[in-house]
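Chain identifiers are assigned alphabetically (A, B, ...) following the order of the sequence lines, protein sequences preceding nucleic acid strands; residue numbering begins at 1 within each chain. Quantities reported herein were computed from a predicted structural model and do not represent experimental measurements.
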Amino acid sequence: MRISKSFIPTLKEVPTDAVIPSHVLMLRAGLVRMLSAGIYSFLPVGYKMVKKVSDIIREEMDAIGGQEFHLPALNPKEIWEETGRVEAFGDTMFHLKNRDYVLAPTHEEIMTYHSKGVLKSYKDLPQIWYQIQTKFRNEARPRSGVIRGRQFLMKDSYSFDKSFEALDESYDLHDKAYRKIFERCGIDFFVVGASSGAMGGSKSEEFMVQSDAGEDTVAHCKTCGYAANVEVAKSVPAEVKSTGDKKEVYEIHTPNVKSIDELCEFLSIHEQETAKSRVYIVDDKPVLILMLGNDEVNETKLESVLGASVRPGHPEELKKITGADAGSIGPVGFTHRIIADERLKGLYNLFSGANKNDYHIGGIDLERDVTDIEFADLRTAETGEKCVRCGKEIDVFKAIELGHIFKLGTKYSEGLGANFLDESGIAKPLVMGSYGIGVERVLACYIEQNYDEKGIVWKKEFTPFDIQLLALNIKKDAVREVADKLYDDLGDKGYEVLYDDRVDAQAGFKFNDADLMGVPIQIVVGERNLKENKVEYKVRKTGERDLVAIDELYSKIEELTSNL
RNA sequence: CGGGGCGUAGCGUAGUCCGGUUAGCGCGCCUGCUUUGGGAGCAGGAGGUCGCAGGUUCGAAUCCUGCCGCCCCGACCA
């Protein structure tokens, strides 16, 4: 492709609205342009990469027996009402104003609709149906460029099986295919397993990429691969022991001491000698949560312990329930349910609030002084703590969800009445799985993981072009002749070449554009080296560059390519 | 949806607090000449509803009111 005849609008300056590296570079390298918040147009080179991702996905989906569909994005609302998802999606679903249609945010209903009455017998199963299609979600806050948009490309597939055992197989096939897809796209990913309790214990796995732009926080152990959303992640924090003789409880006057830090300073004690109190309201009843020192309550864990949703108590409620304001609340004398984090188990001589403003209590032994105290894992895992599985250190960081595989079960087949006859002639709902990949996210995540101060760094298996050929000062006939010939010859040899044949662009301009666009190998044809019958090559990733005789260029390129 | 920031030429911005000629600058763009291995030089030129609407004023990019759009943080995320 000749740049002089192409639309690749590169930008020297950073657009103000872009913040994260992938967004900045996708804009600067001319891959995308924004149309509206969360709505992006893909330009030729960007679309080329979208197609590349899609092709990789297609190959791997076809390899596990997937069959590609193309479903409508415009759906009758009625079909979504049958499964109750118009309400479930709420404002996230786009509705048309002049007809009862919605824009599909995903396609479980439509795929299930098509399976109904068609997958009639167990003999028709299993099936894997997929598509790569635009989805619409009215995100309250689109962000991070293409990573969270109101309109985005998604590969979604659905498996139909005769039993949950058979579903396990379809699920495993997807698990393997997904790993191949992300590996082929050069993504450094990890897998977070979760048994999502809310949906009836179905198994699901999320394919994640570490990134500050991520919306999930996960704990990950590089040693053994343990990974979990921080909302549920377990960890082994450093052990804490109490010291000294066991004392009896005693009251201390602590004027204006509210936080754990203030308490520690006032009494010259360590935060691990304190128990912090938090009052939550559950089903209109208060529960006191005790955490060691400054450990924060993990509300998700708390909710799963209690089996109900919680909210922090309002200041007025706290006063009414405990007789004190936040900062002076404690377990001794608290008359409602008390749950302490496991880390507090076995500790004594603890300090906590006295349920009386400006007073704290010392010498607390929770098991001795608090009747009916319960213990549970209520804290949030943090970097540096030990992995529950292998004991090595875990990392806690932000991550982007690239793909999600999910054992759906019969929710949609039941909702839409998609049944089949089993071996004994009994009608049963199809057992389904649902599996998604954010196509543009793959692209953005790749860039998040592969760039430097000059621009994008594509890798040889995952690049819009194999070679970027730069003809410097192309007004010189000698340069043009050689560069034109190289362009033709490299093309004939099967390389995809991006040819910078712009007449008016200076050398430096072309170099910087090439580095920005990130094609793995650059070949530079300039008058200077042509006198020696040589051209220059440069490896984008390493910056390695050298001169090579023109007749040795092809073998050099082969060598470079195989070493990349 | 809550909090914060921003909106001036294709991009990046000055000017806004404290109203006053023709809205300035860099990049990019067009024409010509020169230059040609790390984002060129000279000369000439085009390009603006100062986000939109209303108001105050002799006079509004600038002050007031309402709206729209974009970014960031948070909430939300089948």
Side-chain angles (χ1 to χ4, degrees), chain A residues 7 9-20 23-24 27-28 30 33-40 80 83-93 102 104-109 135-145 147-150 152 154 156 196 198-200 202 204 206 212-216 229 231 299 311 398 400-401 404 406 408 411-412 415 434 436 438 453-455 470-476 478-480 500 502-517 522-532 534-538 543 545 547:
Chain A
F7 183 62
T10 56
L11 258 27
K12 188 162 84 174
E13 293 180 274
V14 178
T16 22
D17 285 346
V19 174
I20 66 167
H23 189 196
V24 169
L27 252 13
R28 287 194 54 214
R33 284 289 117 102
M34 187 178 83
L35 219 210
S36 174
I39 305 178
Y40 285 82
W80 288 85
T83 54
R85 287 177 106 201
V86 171
E87 201 188 348
F89 271 104
D91 197 45
T92 303
M93 182 179 257
V102 295
T106 172
H107 278 89
E108 277 83 4
E109 276 77 358
K135 311 291 180 195
F136 298 88
R137 293 185 195 184
N138 185 23
E139 296 292 348
R141 179 152 97 83
R143 72 189 90 175
S144 305
I147 288 174
R148 189 173 194 80
R150 294 207 168 109
F152 57 96
M154 177 166 149
D156 48 322
S196 15
M199 290 290 287
S202 301
S204 82
E206 292 174 324
D212 289 337
E215 296 170 353
D216 294 293
N229 193 301
E231 290 178 348
E299 292 182 8
R311 65 168 175 84
K398 295 263 191 189
I400 297 168
E401 180 186 341
H404 194 174
F406 191 73
L408 267 186
K411 177 180 158 100
Y412 299 97
S434 152
E453 66 285 349
K454 301 291 271 181
L470 323 194
L472 309 183
N473 194 7
I474 199 166
K475 282 179 185 163
K476 300 284 181 185
V479 173
R480 176 175 285 282
D500 197 339
R502 288 175 292 185
V503 176
D504 45 359
Q506 298 281 302
F509 198 98
K510 294 186 178 182
F511 289 136
N512 284 311
D513 254 5
D515 287 345
L516 210 211
M517 286 186 252
Q522 299 170 15
I523 303 295
V524 182
V525 181
E527 202 181 8
R528 194 179 71 190
N529 297 319
L530 228 41
K531 288 174 187 156
E532 316 279 314
K534 286 179 174 172
V535 295
E536 186 181 77
Y537 69 85
K538 173 176 167 183
R545 53 191 223 180
L547 297 178

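One C1' atom belongs to B:C64, the other to B:G26, and the distance between them is 34 Å to the nearest Å. Nucleotides B:G3 and B:G48, compared at atom C1', are 33 Å apart to the nearest Å. Rounded to whole Å, the separation between the P atoms of B:C63 and B:G19 comes to 9 Å. When the C1' atom is used for both B:G54 and B:G12, the distance is 32 Å, rounded to whole Å. The C1' atoms of B:G74 and B:C58 are separated by 48 Å, rounded to the nearest whole Å. Taking the C1' atoms as reference points, B:C17 lies 9 Å from B:U62, given to the whole Å. On the C1' atoms, B:G20 is 7 Å away from B:G59, given to the nearest whole Å. Nucleotides B:C18 and B:G32 are separated by 46 Å at their C1' atoms, to the nearest Å.
Between the side chain of A:Arg141 and the base of B:C76, no donor-acceptor pair of N or O atoms lies under 3.5 Å. For B:G38, the base has no donor-acceptor partner in the side chain of A:Gln506 [N/O atoms by modelled type, under 3.5 angstrom]. For A:Glu13 and B:G10, a side-chain-to-base donor-acceptor distance below 3.5 Å is absent, hydrogens and geometry of angles not being considered. The base of B:U36 does not come close enough to the side chain of A:Lys510 for any donor and acceptor atom to sit less than 3.5 Å apart.
Summarising the geometry, the separation between CZ on A:Arg28 and C1' on B:G39 is reported as 10 Å, rounded to the nearest angstrom. A straight line from CZ of A:Arg148 to C1' of B:C71 spans 16 Å, rounded to a whole angstrom. In this structure, A:Leu35 atom CG and B:G10 atom P are separated by 16 Å, rounded to whole Å. One atom, CD of A:Glu215, and another, P of B:A78, lie 12 Å apart when rounded to the nearest Å. One atom, OH of A:Tyr412, and another, C1' of B:A78, lie 6 Å apart when rounded to the nearest Å. For the pair A:Lys475 NZ and B:A40 P, the interatomic distance rounds to 14 Å; values are reported in whole Å. If you take CD of A:Glu299 and P of B:A75, they are 10 Å apart, rounded to a whole angstrom. At whole-Å resolution of the value, CZ in A:Phe509 and P in B:G28 are 7 Å apart.
Backbone-only engagement by A:Asp17 is indicated by non-hydrogen atom pairs under 4.0 Å involving sugar-phosphate atoms exclusively. Using a 4.0 Å heavy-atom cutoff across all strands shown, A:Ala88 reaches no nucleic acid atom at all. Among the atoms of the strands shown, none is found under 4.0 Å from any heavy atom of A:Lys135. Using a 4.0 Å heavy-atom distance criterion, A:Glu139 is classed as making no nucleic acid contact. Contact annotation for A:Lys476: no contact, since no heavy-atom pair falls under 4.0 Å across all strands. Contacts of A:Arg33 with the nucleic acid, taken as non-hydrogen atoms under 4.0 Å apart, are absent. Within 4.0 Å of A:Asp513, counting heavy atoms only, lies at least one base atom of the nucleic acid. Backbone-only engagement by A:Ser144 is indicated by non-hydrogen atom pairs under 4.0 Å involving sugar-phosphate atoms exclusively.
The side chain of A:Val19 lies closest to B:C72 when the candidates are B:C72, B:G38, B:G39. In this structure, the nucleotide among B:A78, B:C77, B:U36 sitting nearest to the side chain of A:Thr106 is B:A78. Listed nucleotides B:G38, B:C71, B:A78 differ in distance to A:Lys538; the shortest reach to its side chain belongs to B:G38. Side chain of A:Arg85, nearest nucleotide from B:C70, B:A78, B:G39: B:A78. Of the listed nucleotides (B:U36, B:G39, B:G37), B:U36 has the atom at the smallest distance from the side chain of A:Asn473. Each of B:A75, B:C11, B:G39 was ranked by its minimum atom distance to the side chain of A:Arg143; first place goes to B:A75. Ranking B:C71, B:C77, B:A75 by closeness to the A:Met34 side chain, first place goes to B:C71.
Nearest-nucleotide positions on RNA chain B place A:Leu11 closer to the 5' end than the other of A:Phe152 and A:Leu11.
The distance from the CG atom of A:Leu472 to the CD atom of A:Glu536 is 8.5 Å, given to the nearest 0.5 Å. Atom CG of A:Asp515 sits about 9.0 Å away from atom CD of A:Glu453, to the nearest 0.5 Å. Expressed to the nearest 0.5 Å, how far CG of A:Leu27 lies from OG1 of A:Thr10 amounts to 11.5 Å. Interatomic distance, A:Asn473 CG to A:Leu530 CG, rounded to the nearest 0.5 Å: 11.0 Å. To the nearest 0.5 Å, the span separating CZ on A:Phe511 from CD on A:Gln522 amounts to 8.0 Å. The distance from the NZ atom of A:Lys12 to the CZ atom of A:Phe509 is 7.5 Å, given to the nearest 0.5 Å.
Centre separation under 5.5 Å together with a plane angle under 30° holds for the ring of A:Phe511 and the six-membered base ring of B:G38, marking them as stacked.
A:Tyr40 pairs in a side-chain hydrogen bond (donor to acceptor under 3.5 Å, both in side chains) with only one of the listed residues (A:Arg33, A:Arg150, A:His23), which is A:His23.
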5'-to-3' dot-bracket of RNA chain B (Watson-Crick, G-U; under 3.5 angstrom; crossing pairs as [ ]; | other strand):
((((((((.[[[[.)....(...]]]].((((((.....)))))).....[[[[[..)....]]]]])))))))....
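Within the structure, every side-chain polar atom (N or O) of A:Thr16 is placed at least 4.0 Å from both OP1 and OP2 of B:C6. OP1 and OP2 of B:C77 both lie 4.0 Å or more from every side-chain N or O belonging to A:Thr92.
Taking 4.0 Å as the cut-off between side-chain N and carboxylate O, A:Glu108 and A:Arg85 count as a salt-bridged pair.
Residues A:Ile400 and A:Gly214 approach most closely at CG1-CA, 3.5 Å, considering heavy atoms.
In this structure, A:Lys510 contributes its side chain and A:Arg502 its backbone to a donor-acceptor pair below 3.5 Å. At least one donor-acceptor pair closer than 3.5 Å links the side chain of A:Asn138 to the backbone N or O of A:Asp91.
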